[in-house]
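What follows is one structure encoded as structure tokens, with my remarks underneath.
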Amino acid sequence: MSIKHRFWSFIELGIDPYLTEYRYNVTESLAKIREKYSYLKNGEESQDKHSIAGRIMGIRRHGKIAFMVLDDGTAEIQLVFRYDILGDEKWKIVELLNIGDIIGVFGRPMRTLRGELSILVEDFKVLSITWRDYPEKWHGIADAEKRYRLRYLDIMLNKKVRSAIVNMYRIEKAFRDFLDAKGFIEIHTPKLQPVYGGALARPFITKMYALNRDVYLSIAPETYLKRSVVANLFKVYEIAVCFRNEDIDAQHYPEFVQIEIYQAFADWNDMMKLVEDMVAYAVKSVYGDYKVEVDKNGDKLVLDFTPPWRRISLEDAIEMFGGIKVKGKNYEELLEIAKQLGVEISDPRKGKLLEKIFEKVAQPKIAQPTYITLFPRDISPLARPYRENPEYAERFEIYIDGLEIGNGYSELNNPIVQYYFFAKEEELRLKSREKFGEVEYHPMDKDFIRALEYGMPPTAGVGIGIYRFMMVLSGLSSIKDVIPYIIVEQENFKTVAEENPDILKYYVEKLKLE
RNA sequence: GGGCCCGUAGCUCAGCUCGGUAGAGCGGCGGGCUUUUAACCCGUAGGUCCCGGGUUCAAAUCCCGGCGGGCCCGCCA
């Protein structure tokens, strides 16, 4: 690059973007200012003075007046820079500012003649600069690879992504508030476990040097939260990161967050009530209403979280949405139905066939929050068999906008039966391996069974996928869009210091780094 | 694990079918402009066309291999 870097222009004006200012006294957020001064009429100026700080997101220059857009993380506002107010010296700095620079601003709220609430700038400080050009303002960052590599830019520029991430925090907080008011406590269960369990999935295996052994990354907090119930912590939950060594697609990612809740002396019906109340509470406190309008790439969908939610049994749902009778059918008949539907299936469990048929014909049609109940017992090794018919489990799943969001049940508290189910799982694994290849199964966990042997009360539990829930609420179709940062392969590129040895030399000398 | 698609300037993209001097808009830089909302006007710089190999007089373009990324199917939430 032969042209002088604008960094040197700042230095010439006596501004070092890292050495001149070390802090800025912010007195008000832009969200508050927007609220407080909404009364201003066109052309009206307030005499109040505020200090704000943030990133310049847009610039419109008109000679001796310039308009910029400032984002302070709570909202955006237009800044009005005027030569007659700022004077010659400061105007030179205004001319150097680029989109992406970070400034602190002192000024007065006003509304322009065109009706834009603004800050009339009386003074400002350069707090940091950008060394890289920002993406085009209209399309922003659109290339999927760039979005994930430069995720901070995607979060900064893509409003849908940013509000999903901010609202995820608010939803989690509302869940905690709701549960706290009901006397629940949150427990941190181990992420490094000697036996994995609580779900059916392939685990990550890592080396623990302290004990010179392999350990598993937690696939679910379930068995430890149930131990906590045994410990007389009768109302527990955790917002837990879970790791599952499976493939990535639009609905799955190897690390994800779910909230798991366990309540003693309760059954699945109590848990469905708790969940719909909690979710409705959270949605209302974050979005202002039980009904949320979601923009799915231009298509509008109004989700209604008003409790109670619809409850349909798995087999009824297959009949209702798919027009297929499955009740009382045997394994061979169900296999034939699956084949007709084009469902590839290699699993000896009848329940797995039903689940697959449901996923094919019913799941995509469930838009509003719905409980699908009475899952087959043979695919629910941690759930309590249905009191009226042990072919089923007292288990429900939550579906919203065609996505599976959660899973809950009356927890199996019988250590004898739990032992039997785990033993069956091992058997299933060995049997299936010959016939179908590897299937996911739940490993024997005798330590967990021993906990049950000390006595666990009747208990209901649930797990709700936080990322999936946020996908649904924000209308984002890929789970990666609501995960703050995902893994990407390292890439070769040059840093600014590598490309500008003169600037590197400047700082090394200035800060006496050698 | 299987299939399909994408990779060109800082960003968004065109050019690729039918091989023949590397393009536009935005952004950057320089100039003009005191009320704009993707401001506008004039000028200007900016490229390893993802990488490697092959075919050809000639490759961004055709072929092969690789890398990076996306989507779908199978499996997991």
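Chain naming here is simple, since letters A, B, ... match the order of the sequence lines and numbering starts at 1 in each.
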#### Entry: Salt-bridge criterion met for A/E145 and A/R149 (N-O under 4.0 Å)
yes
### Message
Check this one for me: any side-chain N or O of A/K146 less than 4.0 Å away from OP1 or OP2 of B/C6?
### Response
no
### Task
Return the set of residues passing ring pair (Phe, Tyr, Trp, His ring centres under 6.0 Å) with A/F358 (not counting sequence neighbours), or none when no residue passes.
A/Y399
Protein N or O to nucleotides 1-3 of chain B N or O, pairs below 3.5 Å:
| from | atom 1 | to | atom 2 | distance (Å) |
| --- | --- | --- | --- | --- |
| B/G1 | O6 | A/D247 | OD2 | 3.3 |

### Task
Round to a whole Å and report the spacing from CZ of A/R61 to P of B/U34.
14 Å
### Task
Return the nucleotide paired to B/G68: Watson-Crick means purine N1 to pyrimidine N3 with N6-O4 or O6-N4, wobble means G-U with N1-O2 and O6-N3, both under 3.5 Å.
B/C6
### Task
Please report, rounded to the nearest Å, how far the C1' atom of B/U12 is from the CG atom of A/N158.
15 Å
### Query
Among B/U37, B/C76, B/G69, which nucleotide sits nearest the side chain of A/R60?
B/U37
### Complementary nucleotide of B/C49, counting Watson-Crick and G-U pairs under 3.5 Å
none
## Note on the structure
Contacts of A/A199 and A/I141 projected onto RNA chain B by closest heavy atom; the upstream (5') one is A/I141
### Task
For B/G54 and B/G43, measure between their P atoms and round to the nearest Å.
44 Å
#### Entry: Pairs involving residues 127-141 of chain A, ordered by first then second residue, that meet salt bridge (charged side-chain N to carboxylate O under 4.0 Å, His left out) (sequence neighbours left out)
none
### Message
Which residues pass the ring pair (Phe, Tyr, Trp, His ring centres under 6.0 Å) test with A/Y262, not counting sequence neighbours?
### Response
none
### Query
Across the strands shown, which category fits A/Q258 at heavy-atom distances under 4.0 angstrom: base, sugar-phosphate, nothing?
nothing
### Task
Tell me what A/R132 touches on the nucleic acid: a base, only sugar-phosphate, or nothing, going by heavy atoms under 4.0 Å.
nothing
### Task
Starting from C1' on B/G74, measure out to CD on A/E359 and report it in whole angstrom.
12 Å
### Task
Would you indicate what A/A66 reaches in the nucleic acid, counting non-hydrogen atoms under 4.0 angstrom: base, sugar-phosphate, or nothing?
nothing
#### Entry: Footprint string (nucleotides 47-52 of chain B, 5' to 3'): B base within contact, S backbone only, - free, heavy atoms under 4.0 Å
------
### Query
Which residues pass the side chain to side chain donor-acceptor pair (under 3.5 Å) test with A/D347, sequence neighbours left out?
A/R349
### Task
Could you tell me whether A/V488 contacts a base, only the sugar-phosphate backbone, or nothing, with contacts defined as non-hydrogen atoms closer than 4.0 Å?
sugar-phosphate
### Message
Within the 4.0 Å heavy-atom criterion, would you say A/G140 contacts the bases, only the backbone, or no part of the nucleic acid?
### Response
sugar-phosphate
Atom pairs, N/O to N/O, protein against nucleotides 22-26 of chain B, distance under 3.5 Å?
| from | atom 1 | to | atom 2 | distance (Å) |
| --- | --- | --- | --- | --- |
| B/G25 | N2 | A/E136 | OE1 | 3.3 |

### Query
If you look at every strand shown and take non-hydrogen atoms under 4.0 Å, does A/L403 touch a base, only sugar-phosphate, or nothing?
nothing
## Note on the structure
Winner on side-chain proximity to A/I65, out of B/U12, B/C72, B/U34, is B/U34
### Task
Indicate, with a heavy-atom threshold strictly under 4.0 Å, whether A/N245 touches base, sugar-phosphate, or nothing.
nothing
### Message
What is the distance, to the nearest angstrom, from the CH2 atom on A/W131 to the C1' atom on B/C29?
### Response
16 Å
### Message
Heavy atoms from C-beta onward define the side chain here; which of B/C72, B/U34, B/C11 lies closest to that of A/D84?
### Response
B/U34
### Summary
Per atom distances to the A/Q78 side chain, the nearest of B/U35, B/U37, B/G69 is B/U37
### Task
Indicate, with a heavy-atom threshold strictly under 4.0 Å, whether A/Y253 touches base, sugar-phosphate, or nothing.
base
### Message
Name the residue from A/I99, A/L79, A/V94 that meets the side chain to side chain contact (heavy atoms under 4.5 Å, CB included) definition with A/I59.
### Response
A/I99
### Task
Ignoring the backbone of A/I486, work out which of B/G70, B/U37, B/C76 is nearest its side chain.
B/G70
### Task
Spell out yes or no: do the side chain of A/N98 and the base of B/C29 have one donor N/O and one acceptor N/O closer than 3.5 Å?
no
### Task
Report the nucleotide, chosen from B/U12, B/C29, B/C71, that has the shortest atom-to-atom distance to any side-chain atom of A/A142.
B/U12
### Query
Over how many whole Å does the gap from A/I479 atom CD1 to B/G70 atom C1' extend?
16 Å
### Task
Tell me which of A/I405 and A/I248 sits closer to the 5' end of RNA chain B, going by the nucleotide each one is nearest to.
A/I248
### Query
Atom NE2 of A/H5 to atom C1' of B/G46: distance rounded to whole Å?
14 Å
### Query
Residues in salt bridge (charged side-chain N to carboxylate O under 4.0 Å, His left out) with A/E89, at least two apart?
A/K92
#### Entry: Geometric cation-pi criterion, A/R377 with A/Y392: 6.0 Å, 45°
no
#### Entry: Distance-only donor-acceptor check, side chains A/Y196 and A/D445, under 3.5 Å
no
### Query
When you measure from the side chain of A/E116, which nucleotide among B/U37, B/C11, B/U34 comes out closest?
B/U37
### Message
Please report the distance, rounded to the nearest Å, between NE2 in A/H252 and P in B/G70.
### Response
16 Å
### Query
Can you list the residues that meet the side chain to side chain contact (heavy atoms under 4.5 Å, CB included) rule with A/P376, with sequence neighbours excluded?
A/L314, A/L354, A/D378, A/I379
### Query
Does the ring center of A/F106 lie less than 6.0 Å from the ring center of A/H50?
no
### Message
Going by purine N1 to pyrimidine N3 plus the second Watson-Crick contact, or the G-U wobble pair, all under 3.5 Å, which nucleotide sits opposite B/C62?
### Response
B/G54
### Task
Find the partner of B/G74: check Watson-Crick (N1-N3 plus N6-O4 or O6-N4) and G-U wobble (N1-O2, O6-N3) distances, both under 3.5 Å, and reply none if neither fits.
none
### ring pair (Phe, Tyr, Trp, His ring centres under 6.0 Å) involving A/F81 - partner list, sequence neighbours excluded
A/F124
### Query
Quick one: ring pair (Phe, Tyr, Trp, His ring centres under 6.0 Å) partners of A/H139, sequence neighbours excluded?
none
#### Entry: Closest to the A/P135 side chain, choosing from B/C11, B/C76, B/G68
B/C11
### Message
Mind checking if A/R202 touches a base, just sugar-phosphate, or nothing, with heavy atoms under 4.0 Å?
### Response
nothing
### Summary
From CG of A/L79 across to C1' of B/U34 the rounded distance in Å is 16 Å
#### Entry: Residue pairs, two or more places apart or on separate chains, that pass side-chain hydrogen bond (donor to acceptor under 3.5 Å, both in side chains) and touch residues 58-70 of chain A
A/R60-A/Q78
### ring-ring contact (aromatic ring centres under 6.0 Å, His included) partner of A/Y506, the single match among A/F10, A/W8, A/Y18
A/W8
### A/W268 and A/Y409 aromatic centres sub-6.0 Å
no
### Message
Suppose we call a contact any N or O donor and acceptor under 3.5 Å apart; does that hold for the side chain of A/D133 and the base of B/C29?
### Response
no
### Query
To the side chain of A/E489, which of B/C75, B/U35, B/G69 is closest?
B/G69
### Task
Please check the phosphate of B/G70 (OP1 and OP2 only) for any side-chain N or O of A/K480 closer than 4.0 Å.
yes
## Note on the structure
Winner on side-chain proximity to A/E145, out of B/U34, B/C76, B/G69, is B/G69
